[in-house]
Amino acid sequence: DIPQLSEALRTCWGIKQKYMPYFTEGRLIGDCISTEFVSGATKVSAYIHGDNALILVMNTAGGKSGKTLSVDLDMWMGPHGKYVIKPVSEKLKGARHIYTDKGACSLETPALEQGEIYIFEVNGFTE
């Protein structure tokens, strides 16, 4: 009966299904993955699962805005030497992967509507 609620539930279900191991077997670290204060206009939840991390960023501000999150992946995932970061919208549409050899880095979302979620899946690896 309420289209927005129905859409939100479908979105959450899709995220839950795709990333289930993070939620059921992973360790919730919340916004601790951030190296800087996370303002009230941004909600961050992160999960660690083995050599991988899942970072969910939600715009809780009243308007549309992009978010930048400074993170220290080495602190939570161990020093891997290299990381591949897979950005994904809440509709599960991916963007270009980001490759970095720095555990301390910044993650940027596109402009998000209020209540919109953006996801970063991080895989650590060594050569």
Side-chain angles (χ1 to χ4, degrees):
D1 292 341
I2 304 170
Q4 296 89 346
L5 177 59
S6 179
E7 182 179 346
L9 290 173
R10 276 195 302 275
T11 296
C12 290
W13 178 252
I15 292 170
K16 180 182 173 191
Q17 291 299 96
K18 181 171 176 69
Y19 300 109
M20 182 67 81
Y22 289 98
F23 302 125
T24 58
E25 301 164 17
R27 180 170 41 121
L28 172 65
I29 61 169
D31 65 1
C32 291
I33 197 140
S34 178
T35 59
E36 297 175 351
F37 173 74
V38 178
S39 77
T42 306
K43 174 69 177 155
V44 175
S45 258
Y47 295 81
I48 304 297
H49 183 255
D51 290 337
N52 307 305
L54 184 71
I55 305 167
L56 300 112
V57 182
M58 176 188 269
N59 176 16
T60 56
K64 189 172 186 173
S65 67
K67 306 294 179 185
T68 301
L69 185 67
S70 296
V71 298
D72 186 348
L73 302 172
D74 288 341
M75 181 188 319
W76 292 101
M77 298 174 65
H80 288 286
K82 297 194 181 285
Y83 297 93
V84 60
I85 303 167
K86 304 170 191 173
V88 180
S89 74
E90 68 179 27
K91 304 295 186 212
L92 302 179
K93 295 191 180 183
R96 283 194 165 165
H97 294 180
I98 302 162
Y99 297 89
T100 182
D101 58 0
K102 297 180 175 129
C105 60
S106 292
L107 305 176
E108 295 184 23
T109 73
L112 303 174
E113 296 287 346
Q114 180 181 12
E116 189 175 357
I117 299 170
Y118 202 74
I119 302 161
F120 296 96
E121 185 176 20
V122 182
N123 305 114
F125 62 95
T126 54
E127 292 185 289

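Just so it is clear, the structure is predicted and the values come from calculations on it, not from any experiment.
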Common cluster, Leu54/Met77, ILVMFWY with side-chain heavy-atom separation under 4.5 Å = no

According to a 4.5 Å side-chain heavy-atom criterion applied to Ile, Leu, Val, Met, Phe, Trp and Tyr, with indirect links allowed, do Trp76 and Val122 form part of one hydrophobic cluster?
-> yes

Looking only at heavy atoms, which two atoms of Thr35 and Val71 are closest? And how far apart?
-> CG2-C, 3.8 Å

Would you please name every residue forming a side-chain hydrogen bond (donor to acceptor under 3.5 Å, both in side chains) with Ser34, sequence neighbours left out?
-> none

Please tabulate, for side-chain N and O atoms in residues 93-100, each donor-acceptor pair with protein atoms closer than 3.5 Å (sequence neighbours left out).
{"unit_1": "Thr100", "atom_1": "OG1", "unit_2": "Lys102", "atom_2": "N", "d": "3.0"}

Taking a hydrophobic cluster as the set of Ile, Leu, Val, Met, Phe, Trp and Tyr residues connected by side-chain heavy atoms closer than 4.5 Å, whether directly or through intermediates, do Met75 and Tyr47 fall within one such cluster?
-> no

Indicate, with yes or no, if Val44 and Leu56 share a hydrophobic cluster defined by side-chain heavy-atom contacts under 4.5 Å among Ile, Leu, Val, Met, Phe, Trp and Tyr.
-> no

Does Ile48 belong to the same Ile/Leu/Val/Met/Phe/Trp/Tyr cluster as Tyr83, with side-chain heavy atoms less than 4.5 Å apart forming each link?
-> yes

Quick one: closest heavy-atom pair of Ile55 and Leu69, and the distance?
-> CG2-CD2, 3.8 Å

Sequence neighbours excluded, every pair satisfying salt bridge (Lys or Arg N to Asp or Glu O under 4.0 Å) that has a member inside residues 32-42 = none

List, one per line, each side-chain donor-acceptor pair under 3.5 Å for residues 110-119, sequence neighbours excluded.
{"unit_1": "Glu116", "atom_1": "OE1", "unit_2": "Glu113", "atom_2": "N", "d": "2.8"}

Please identify each residue that fulfils side-chain hydrogen bond (donor to acceptor under 3.5 Å, both in side chains) with Glu7, with sequence neighbours left out.
-> Lys91

Pairing residues for Asp72 by the side-chain hydrogen bond (donor to acceptor under 3.5 Å, both in side chains) criterion, not counting sequence neighbours = none

For Ser45, all residues meeting side-chain hydrogen bond (donor to acceptor under 3.5 Å, both in side chains), sequence neighbours excluded | none

Please name all residues satisfying side-chain contact (heavy atoms from CB on, under 4.5 Å) with Ala61, sequence neighbours left out, ordered by chain then number.
-> Ala41, Asn59, Lys67

Nearest atoms (heavy-atom pairs only) where Val57 meets Phe120 | CG2-CE1, 4.1 Å

Heavy-atom side-chain contact between Thr109 and Leu107 under 4.5 Å = no

List the atom pairs, with distances to 0.1 Å, where a side-chain N or O of residues 14-32 and a protein N or O form a donor-acceptor pair under 3.5 Å, not counting sequence neighbours.
{"unit_1": "Tyr22", "atom_1": "OH", "unit_2": "Glu121", "atom_2": "OE2", "d": "2.9"}
{"unit_1": "Thr24", "atom_1": "OG1", "unit_2": "Met20", "atom_2": "O", "d": "3.1"}
{"unit_1": "Glu25", "atom_1": "OE1", "unit_2": "His49", "atom_2": "NE2", "d": "3.0"}

